[in-house]
Participant: 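Below is a structure I'd like to ask you about.
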Amino acid sequence: MKDILILAIESSCDETAAAVVKNGRTVLSSVISSQIDLHKLYGGVVPEIASRKHIEKINPVIEEALRDGGVTLDDLDAVGVTYGPGLVGALLVGVAEAKAIAYAKKLPLVGVHHIEGHVSANYIENPDLEPPFLCLIVSGGHTHLVIVKDYGEFEILGRTRDDAAGEAFDKVARAIGLGYPGGPKIDRLSREGNDQAIWFPRAKIEDSPYDFSFSGVKSAVLNYLNSAKMKGEEVNRADLAASFQRAVVDVLVEHTMAAARDYHMKKIAIAGGVASNGTLREAMSRACDKRGYRFYRPSPILCTDNAAMIGAAAYYEFVKGTRHGWDLNAIPNLRLGER
Ligand code: KG4
Ligand code: ZN
């Protein structure tokens, strides 16, 4: 069979990224231009600034991806692009760019769901991984527990009722003065702390064993900080970070294992920015080993936003026949499984 080469573009939040991916699993190049240093100044992503920066970076990033991959636009079979969910102005930059290239080169255009991209990051380093499998998706905007029934086909078992897991990390990090983005900083600081030092609640939702809620643990952290301040007590930030992280990871692992048991899933994957968390990776790996499940997780650089994962997802959509027209638009609240 002829190789399928896809140029993939991702610009849904604060990373401008492009990649060239062969047959959905081989990454010829992956370029990520992060805006983190810019948004850090404001303590979070400023949408207007993100769009402007994407406009500035998108062409150089694509050129670099083509150069690194040793290909030209003439070698491509399709252009894949994230069209939702995400920041509308940020998404539009990638969508307009992908349309322009596809139109000029008469290539098929394949719109990709950002979360389908995160899940597909698992295919890149695990040539043997095929659906069905269970996947925990934990990012800055999403927390989903899904069965990947087939490529791009999802059965959603659970989701967050309030904050996403990554959002909880970011908010707690801000509260203890660690800055944006908080996840990696809490991950690092936790290594110096005792995760048993403070007890934070593990939320359970009546009748929805696979749903999540992180607003309770976030409030408990804020209350703890307030009450320490009133009493004039010094807070050990490393202990607090470790205890908070443990509470979140415990719930993520527990719900995933419950779903694996109930749905007879023996292949478990994690995806999304929070999937790069060291404690989550260790805890999930241990829980899977204990039960004889296979555990899959992308390398940390493939967990956070990148275009290689979009190229992997675009390939499976392309093979299935998904094609988008020149009217493809950015859909900021695109639902998983929707086309
Ligand atoms: O998937 P992602 O790059 O963007 C979204 O699609 O949202 O996820 C970003 C989120 C942020 O909330 C960030 O704090 C979190 O992932 N994150 C982490 C770690 N690295 C990134 N959370 C915990 N531990 C980490 N090491
Ligand atoms: Zn993401």
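Every number for a ligand or one of its atoms is a count from 1 in the order of the listing.
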Participant: Looking only at N/O atoms, are Gly273 and ligand 1 under 3.5 Å apart anywhere?
Facilitator: yes
Participant: Is a side-chain donor or acceptor of Arg237 paired with a backbone partner of Ile176 at a separation under 3.5 angstrom?
Facilitator: yes
Participant: Got Ile36 and Pro181 here, is their nearest side-chain heavy-atom distance under 4.5 Å?
Facilitator: yes
Participant: Can you establish whether the number of heavy atoms outside Lys57 located under 6.0 Å from its atom NZ is more than 12?
Facilitator: no
Participant: Nearest to atom 10 (C) of ligand 1, what protein heavy atom do you find, and at what distance?
Facilitator: Gly140 N, 3.4 Å
Participant: Under 4.0 Å from any heavy atom of Gly166, which atoms of ligand 1 are there?
Facilitator: 12 (O)
Participant: Suppose we measure from atom 24 (N) of ligand 1 to each protein heavy atom; which comes out shortest, and what is that distance?
Facilitator: Asn277 ND2, 3.0 Å
Participant: Are His114 and ligand 1 in contact, using a heavy-atom cut-off of under 4.0 Å?
Facilitator: yes
Participant: Are any of the N/O atoms in Ser276 less than 3.5 Å from those in ligand 1?
Facilitator: yes
Participant: Taking N or O atoms only and a 3.5 Å limit, does Gly183 qualify as a polar contact for ligand 1?
Facilitator: yes
Participant: Could you tell me whether the side chain of His144 and the main chain of Leu136 form a donor-acceptor pair under 3.5 Å?
Facilitator: no
Participant: At a threshold of 2.8 Å, where the distance has to be below it, does the Zn ion (ligand 2) have an N, O or S atom of His114 nearby?
Facilitator: yes
Participant: With no hydrogens and no angle check, is any side-chain donor or acceptor of Asp162 less than 3.5 Å from a backbone partner on Ser215?
Facilitator: yes
Participant: Do Glu56 and Arg52 meet the salt-bridge criterion of a basic N to acidic O distance under 4.0 Å?
Facilitator: no
Participant: Of all the non-hydrogen atoms in the protein, which one sits nearest to atom 26 (N) of ligand 1, and at what distance?
Facilitator: Asp187 OD2, 2.9 Å
Participant: Within the 4.0 Å heavy-atom shell around Gly141, which atoms of ligand 1 are there?
Facilitator: 7 (O)
Participant: What angle, in degrees and rounded to 10°, do you get at the Zn ion (ligand 2) when you join it to NE2 of His118 and to OD1 of Asp305?
Facilitator: 100°
Participant: Which residue owns the protein heavy atom closest to atom 13 (C) of ligand 1, what's the atom, and how far is it?
Facilitator: Asp170 OD1, 3.8 Å
Participant: How about Arg161 and Ser208: does a side-chain donor come under 3.5 Å of a side-chain acceptor?
Facilitator: yes
Participant: Purely on distance, is any nitrogen or oxygen of Thr304 under 3.5 Å from one on ligand 1?
Facilitator: no
Participant: Pair His54, Ser11 - check side chain to side chain donor-acceptor pair (under 3.5 Å), show working.
Facilitator: CA-CA 7 Å; His54 285 310; Ser11 69; 4.9 Å; no
Participant: Would you give the length of the straight line joining atom OH of Tyr315 to atom OH of Tyr151, rounded to the nearest 0.5 angstrom?
Facilitator: 8.5 Å
Participant: Do the rings of His114 and His118 sit parallel, tilted or perpendicular, given the 30° and 60° boundaries?
Facilitator: perpendicular
Participant: Which ligand 1 atoms, with their elements, are less than 4.0 angstrom from a heavy-atom of His118?
Facilitator: 1 (O), 6 (O)
Participant: Starting from atom 2 (P) of ligand 1, what is the nearest protein heavy atom, named by residue and atom, and what distance separates them?
Facilitator: Asp305 OD1, 3.4 Å
Participant: Just need the protein heavy atom nearest to atom 15 (C) of ligand 1, so name the residue and atom and give the distance.
Facilitator: Val274 CG2, 3.9 Å
Participant: Using heavy atoms and a threshold below 4.0 Å, how should the contact between Glu15 and ligand 1 be classified: side chain, backbone, both, or neither?
Facilitator: neither
Participant: Is it true that a side-chain atom of Glu125 and a backbone atom of Ser299 form a donor plus acceptor pair closer than 3.5 Å?
Facilitator: yes
Participant: Return yes or no for this condition: an N or O of Gly278 is under 3.5 Å from an N or O of ligand 1.
Facilitator: no
